[in-house]
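Comments concern the structure below.
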Amino acid sequence: MDLWVTFGLLLLFVTVAAVEAGTISGDLDALMAFRQGVSDPQHALDSWDANLVDPCTWFHITCDNNKRVIRIDLMRQGLSGNVSPQLGNIDSLVYLELYGNNFNGNIPQELGNLVNLRSLDLYNNQFSGRIPSSLGKLNLLYFFRLNNNQLTGSIPGELGDIPTLVAVDVSSNNLCGPVPMGGSLSKIHSYNYDNNTSINKPC
């Protein structure tokens, strides 16, 4: 084989390996940023050790064959605190399951960068503030459940632009304004907006 071809292939291999290492390292950094902002009285995150540089070995984390994080399953673990915006850097994530905890503060708008997300389940927490319109960019999302929080403001019409959306529940919050009826939202049952005292009233 020609020396320059060999050199080119070697350079390509090194570049690909460096990119993969960088994305895996980015997943690790994002998870550790999340960990640092969370109170964990039930020790669900004890295995999340930055010295174990492969997060695929941690409890409640699932990875694909390329060691990219595709699932975070932390439902009903007694966790509280804010959700780090850096979770939006895990662009391989398919399932984000944080329901049944005591998370508070805003839902980070950066979660709209999770382009492969199929399921976003943040219900039964203490999230407040507005539903980020950036979540309308999640074009592969099937399940979107934010019920039983303390969210305010109107429901973003951008959610109707998600072509795959089949389940939406934003009931039992403090939402106001009209219920968007365009696109995918036209298929959602009205009871999924119940128990919002100002729904269909001006914000």
Side-chain angles (χ1 to χ4, degrees), residues 19-20 22-35 37-38 44-45 48 55-56 58-77 79 81-101 103-125 127 129-149 151 153 155-171 173 175 180 182-188 192:
V19 170
E20 289 181 350
T23 53
I24 293 169
S25 175
D27 290 356
L28 174 66
D29 291 343
L31 292 172
M32 290 312 301
F34 171 82
R35 174 70 183 90
V38 168
L45 305 179
W48 291 33
C56 303
W58 300 352
F59 291 147
H60 311 293
I61 295 296
T62 304
C63 295
D64 63 14
N65 292 333
N66 296 316
K67 294 189 176 295
R68 296 298 312 279
V69 174
I70 59 172
R71 291 190 71 118
I72 301 175
D73 292 301
L74 285 168
M75 47 281 198
R76 302 189 183 100
Q77 296 295 328
L79 303 171
N82 295 333
V83 172
S84 170
Q86 283 189 245
L87 279 189
N89 295 336
I90 309 178
D91 56 8
S92 55
L93 198 62
V94 179
Y95 298 92
L96 180 56
E97 309 294 334
L98 301 180
Y99 60 86
N101 289 288
F103 289 111
N104 53 43
N106 293 335
I107 296 173
Q109 64 177 1
E110 289 82 1
L111 297 187
N113 298 327
L114 299 175
V115 294
N116 289 298
L117 204 64
R118 268 60 163 191
S119 179
L120 178 61
D121 282 326
L122 306 181
Y123 60 90
N124 288 343
N125 279 286
F127 287 110
R130 302 177 70 90
I131 299 173
S133 59
S134 61
L135 300 181
K137 298 187 298 182
L138 301 176
N139 287 328
L140 299 178
L141 196 67
Y142 284 86
F143 305 107
F144 179 80
R145 291 175 281 230
L146 306 181
N147 50 294
N148 296 88
N149 280 285
L151 298 167
I155 300 168
E158 289 86 350
L159 296 177
D161 296 332
I162 302 174
T164 53
L165 203 58
V166 296
V168 173
D169 194 344
V170 294
S171 62
N173 281 285
L175 300 171
S184 296
L185 294 179
S186 62
K187 302 177 292 185
I188 305 304
N192 291 317

Contact check, side chains of [X] and [Y], non-hydrogen atoms, under 4.5 Å:
X	Y	answer
Val69	Thr62	no
Leu175	Val170	yes
Ile72	Leu87	yes

Minimum heavy-atom separation for [X] and [Y], please, with both atom names.
X	Y	answer
Val115	Asp91	CG2-O, 4.0 Å
Pro108	Val83	CG-O, 3.2 Å
Leu122	Asn125	O-ND2, 3.0 Å

All pairs passing side-chain hydrogen bond (donor to acceptor under 3.5 Å, both in side chains) where residues 156-171 contributes a residue, at least two apart: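 Matches after skipping sequence neighbours: Asp169-Ser171.
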
What pairs with [X] under side chain to side chain contact (heavy atoms under 4.5 Å, CB included), at least two apart in sequence or on another chain?
X	value
Asn139	Pro163
Val166	Tyr142, Phe143
Val38	Phe34, Leu45, Leu79, Phe103
Pro132	Ile107, Gln109, Ser134, Leu135

Backbone N/O of Phe59 and side chain of Trp48: donor-acceptor pair under 3.5 Å: yes

Just by modelled atom types, is the Gln77 backbone N or O under 3.5 Å from a matching donor or acceptor in the Asn101 side chain? yes

With rounding to the nearest 0.5 Å, note down the distance linking OH in Tyr99 to CG in Leu74. 11.0 Å

Hey, what do you get for CG (Asn173) to CG (Asn148), rounding to the nearest 0.5 Å?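 One gets 7.5 Å once the value is rounded to the nearest 0.5 Å.
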
Name all residues meeting the side-chain hydrogen bond (donor to acceptor under 3.5 Å, both in side chains) criterion together with [X]; count only those two or more places apart in sequence or in a different chain, and write none if there are none.
X	result
Arg130	Ser154
Glu97	Ser119
Asp73	Arg71

Test ring pair (Phe, Tyr, Trp, His ring centres under 6.0 Å) applied to Phe127 - qualifying residues, sequence neighbours left out: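 None.
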
With sequence neighbours excluded, tell me which residues meet salt bridge (charged side-chain N to carboxylate O under 4.0 Å, His left out) with Lys187. none

